[in-house]
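Numbers here are sequence positions counted from 1. Atoms within a ligand are numbered from 1 in the order they appear, just like the ligands themselves.
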Amino acid sequence: VKRLKDVEIGIPVVYGTIAFWLGKKASEFHSHKWTVYVRGATNEDLGVAVKRVVFQLHPSFNNPTRVVESPPFELSESGWGEFEIAITLVFHSDVCDKQLDLYHHLRLFPEEDSAAPQTTKKPVVIETYDEIVIAEPSEGFLARVINH
Ligand code: SLL
């Protein structure tokens with residue numbers, strides 16, 4: 001592939017989790033519903049660069065390696081506990097050969113000393129903003145970014 005020297009493409013991304021307590025519907029092992037996601041931080045389509053995303057869950061889940069093959073790159077589950085989720089981004093072959101591993105700690109419960117008690121109405125949201133920089137992009141990738 002032809003690569004463009006002295007060009008960089010920055011892709012702003014946001015990744016994290018949103019968790020809802022199930023309140024009256026909570027059971028011992030399913031007290032919360034949550035979604036882990038990675039998306040373009042300004043709503044650009046990550047599918048231009050990202051081919052698939054692998055979410056590695058805690059081994060207490062059935063089939064803890066979850067592969068999402070197309071956008072939106074997100075996964076919803078229910079559970080009872082907090083743990084670290086590994087989020088692996090696999091890029092299209094003309095974007096980058098290397099994978100990118102991101103790590104996010106799933107939070108279900110509001111801060112210990114928070115004035116707000118747990119409620120079904122207000123989810124716990126934890127997000128990280130980051131930028132993926134692709135140096136010397138291929139012509140094909142640049143064209144997809146421009147035409148999108
Ligand atoms: C803890 N270190 O002890 C953590 C582990 C694991 C949470 C939390 C499984 C749900 C399911 C689930 O929520 N695991 O079995 O479907 O707090």
Assess the pair Phe109 and His32: is the distance between their ring centroids shorter than 6.0 Å? yes
Output the list of atoms in ligand 1 that are nearer than 4.0 Å to some heavy atom of His30, sorted by atom number. 16 (O)
Protein heavy atom at shortest distance from atom 14 (N) of ligand 1: Ser60 OG, 2.8 Å
Phe61: numbered ligand 1 atoms lying under 4.0 Å from its heavy atoms: 9 (C), 10 (C), 12 (C), 13 (O), 14 (N), 16 (O)
With a cut-off of 4.0 Å, which atoms of ligand 1 are near a heavy atom of Gly79? 10 (C), 13 (O)
for atom 2 (N) of ligand 1, nearest protein heavy atom and its distance come out as Glu82 O, 3.9 Å
Roughly how far apart are Asp101 CG and Thr88 OG1, rounded to 0.5 Å? 4.0 Å
Hey, could you give me the CG/CD1 distance between Leu4 and Ile134, rounded to the nearest 0.5 Å? 13.0 Å
Salt-bridge criterion met for Lys2 and Glu136 (N-O under 4.0 Å): no
Using non-hydrogen atoms of the residue, decide whether Glu77 is closer than 4.0 angstrom to ligand 1. no
For atom 13 (O) of ligand 1, closest protein heavy-atom neighbour: Trp80 N, 2.9 Å
Are Ile87 and Phe83 connected in the hydrophobic side-chain network, where two residues link if heavy atoms are under 4.5 Å apart? yes
shortest atom 5 (C) of ligand 1-to-protein heavy-atom contact is with His58 NE2, 3.5 Å
Quiz question: by atom type and distance under 3.5 Å, do the side chains of Glu74 and Thr35 form a donor-acceptor pair? no
Would you check, one step at a time, whether the test ring-ring contact (aromatic ring centres under 6.0 Å, His included) holds for Phe55 with Tyr37? CA-CA 9 Å; Phe55 297 99; Tyr37 51 83; 9.2 Å; no
Within 4.0 Å of some non-hydrogen atom of Gly81, the atoms of ligand 1 are 7 (C), 8 (C), 13 (O)
